[in-house]
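Predicted, not measured: the structure shown is a model, and the values here were computed from it. Per chain, numbering begins at 1; letters A, B, ... match sequence-line order.
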Amino acid sequence: MKVIFLGTPDFSVNILESIVKSHHEVVAVVTQPDKINKRGNKTVFSKIKETALKLNLPLLQYENISKEGFDELKDLNADIMVTAAYGQILKQNILDVCPKGIINVHASLLPKYRGSSPVQWALINGETDVGVTIMQTELGVDTGDIILQKSITLDGNENTVETLEKLSLLGAELILEALDLIESGTANYIPQNENEATKCKMLTKQDGKIDWTKKSLDIKNFVRGMTPWPGAFTTCKFGVLKILKVGLNNVEKCGKPGEILVAHPKKGLTISCKEGCLDLLVVQGENSKAMDINSYLLGKRLTVGEILGE
RNA sequence: CGCGGGGUAGAGCAGUCCGGUAGCUCGUCGGGCUCAUAACCCGGAGGUCAUGAGGUUCAAAUCCCAUCCCCGCAA
């Protein structure tokens with residue numbers, strides 16, 4: 001089939017490459033406009049744009065695909081469109097561009113975790129199974145009929161990037177299956193159970209603040225989900241402290257929420273939570289790179305008894 | 001021209017404002033001590049202080065100029 005692919009971040013890349021390698025033909029790639037003014041004035045291409053350039057695929061970028069894209073897309077005479085984390089909500093005219101419609105690769109086990117950051121929320125909520133769903137795209141966000149779905153089990157330590165990488169590979173397999181089913185006319189379209197549907201809230205920077213009055217496992221999962229964006233953080237006497245990785249510490253002794261129980265370049269940094277304790281493993285101070293806790297403590301001497309997050 | 005922080009030993013930092021012998025913690029190597037330790041003691045090696053045969057100066061890690069790279073915020 002002739003496929004128009006719409007995607008933007010890392011998650012989309014494996015999926016695009018998978019389709020390119022298959023017997024289906026990618027007739028165009030659509031991605032978000034270049035971001036200008038990243039840090040020092042440089043424009044930044046999306047991962048999918050880089051991939052499309054590398055593979056010499058025709059590339060289209062729209063500020064607003066629903067307003068600008070219809071004619072150009074229609075002229076491609078594609079059979080189907082595939083979206084994977086494209087980043088724009090499609091209006092009905094775009095949904096009608098191709099005879100076989102448009103399908104979406106969503107990184108959750110729909111109907112749970114509809115919306116924009118499904119993996120983050122799944123990790124924050126401590127889900128042990130996550131997955132990918134291929135579904136028909138319709139006007140509602142992630143509400144369309146399900147074509148294929150597959151789950152994987154996590155070991156409980158992955159953060160968002162690591163999970164997305166796994167799901168991206170899973171999605172790359174599933175999309176080919178789905179395309180083949182559709183091509184042969186044997187795809188089953190299963191409506192979602194609305195009673196089980198959940199929608200995720202968009203994350204913001206402020207959501208990353210760690211609440212030390214939670215249980216240690218909940219905070220660990222919170223850090224996993226928030227890493228690397230928007231990032232989990234707390235504060236210490238040196239200012240904002242980003243926390244990228246933590247480990248559970250099963251000592252029985254506990255202090256006040258946020259209290260530093262151990263702070264030593266060789267013993268690490270142990271923080272008390274409401275229940276249980278956490279060892280901070282990878283942190284990032286202000287204006288500094290992420291580093292393991294031992295290195296951090298060599299330069300920044302935190303003291304036992306200090307309360308983080310105040 | 002978006003705003004700001006930074007580049008000093010293998011690692012993390014101080015020193016820069018106010019120029020004057022390159023410092024701290026850790027690691028590493030050698031030795032010692034202890035029933036014992038992520039412990040302690042003694043000693044050593046390891047630096048073109050990001051780059052520029054740049055500028056100022058008797059003298060530059062430090063002041064001035066230019067470039068490269070990294071990070072945070074904002075998107």
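Per the geometry, CG belonging to A:Leu298 stands 9 Å off C1' belonging to B:G27, to the nearest Å. In this entry the distance linking CG of A:Asn294 with C1' of B:A38 reads 10 Å, nearest Å. Residue A:Phe233 contributes atom CZ, which lies 10 Å from atom P of B:C73 at whole-angstrom precision. The separation between A:Lys35 atom NZ and B:C73 atom C1' is 15 Å, rounded to whole Å. The CE atom of A:Met291 sits 12 Å away from the P atom of B:G72 (whole-angstrom rounding). Following rounding to the nearest Å, A:Phe238 (CZ) and B:C71 (P) show an atom-to-atom distance of 22 Å. The NZ atom of A:Lys289 sits 13 Å away from the C1' atom of B:G5 (whole-angstrom rounding). Residue A:Trp229 contributes atom CH2, which lies 13 Å from atom C1' of B:C73 at whole-angstrom precision.
A distance of about 41 Å separates the P atoms of B:U56 and B:C73, rounded to the whole Å. Atom P of B:G55 sits at a distance of 39 Å from the matching atom of B:G44, rounded to the whole Å. Comparing the P positions of B:U51 and B:C33 gives a spacing of 44 Å, expressed to the nearest Å. Nucleotides B:G27 and B:G7 are separated by 24 Å at their P atoms, to the nearest Å. Atom name C1', nucleotides B:G15 and B:G23: the rounded distance is 7 Å, in whole Å. Spacing between B:C3 and B:C40 at atom C1', rounded to whole Å, works out to 49 Å. B:G47 sits 15 Å from B:C24 when the C1' atoms are compared, rounded to a whole Å. The separation of B:U21 from B:A59, taken at their P atoms, amounts to 15 Å, rounded to a whole angstrom.
Base pairing of B:G72: its partner is B:C3, meeting the Watson-Crick or G-U wobble criterion (both donor-acceptor distances under 3.5 Å). Pairing for B:G43 is with B:C29, a Watson-Crick or G-U wobble pair whose two hydrogen-bonding atom distances lie under 3.5 Å.
For the pair A:Asp142 and A:Lys199, the salt-bridge criterion is not met [side-chain N within less than 4.0 Å of a carboxylate O]. Residues A:Lys300 and A:Glu286 are not paired through a salt bridge, judged by the lack of any N-O separation under 4.0 Å between the basic side chain and the carboxylate.
Mapping A:His264 and A:Gln284 onto RNA chain B by nearest heavy atom places A:His264 at the nucleotide closer to the 5' end.
At B:C13, one or more side-chain N or O atoms of A:Ser288 fall inside 4.0 Å of OP1 or OP2 (strictly under the cut-off). In terms of phosphate contacts, A:Lys266 brings no side-chain nitrogen or oxygen within less than 4.0 Å of OP1 or OP2 of B:C26.
Listed by first and then second residue, the side-chain hydrogen bond (donor to acceptor under 3.5 Å, both in side chains) pairs involving residues 109-119 of chain A are A:Tyr113-A:Asn125, A:Tyr113-A:Glu127, A:Arg114-A:Gln192, A:Arg114-A:Glu194 (not counting sequence neighbours).
Donor-acceptor pairing under 3.5 Å is lacking for the side chains of A:Asn104 and A:Thr137.
Environment of NZ in A:Lys215: sparse, with no more than 12 heavy atoms of neighbouring residues, nucleotides or ligands closer than 6.0 Å.
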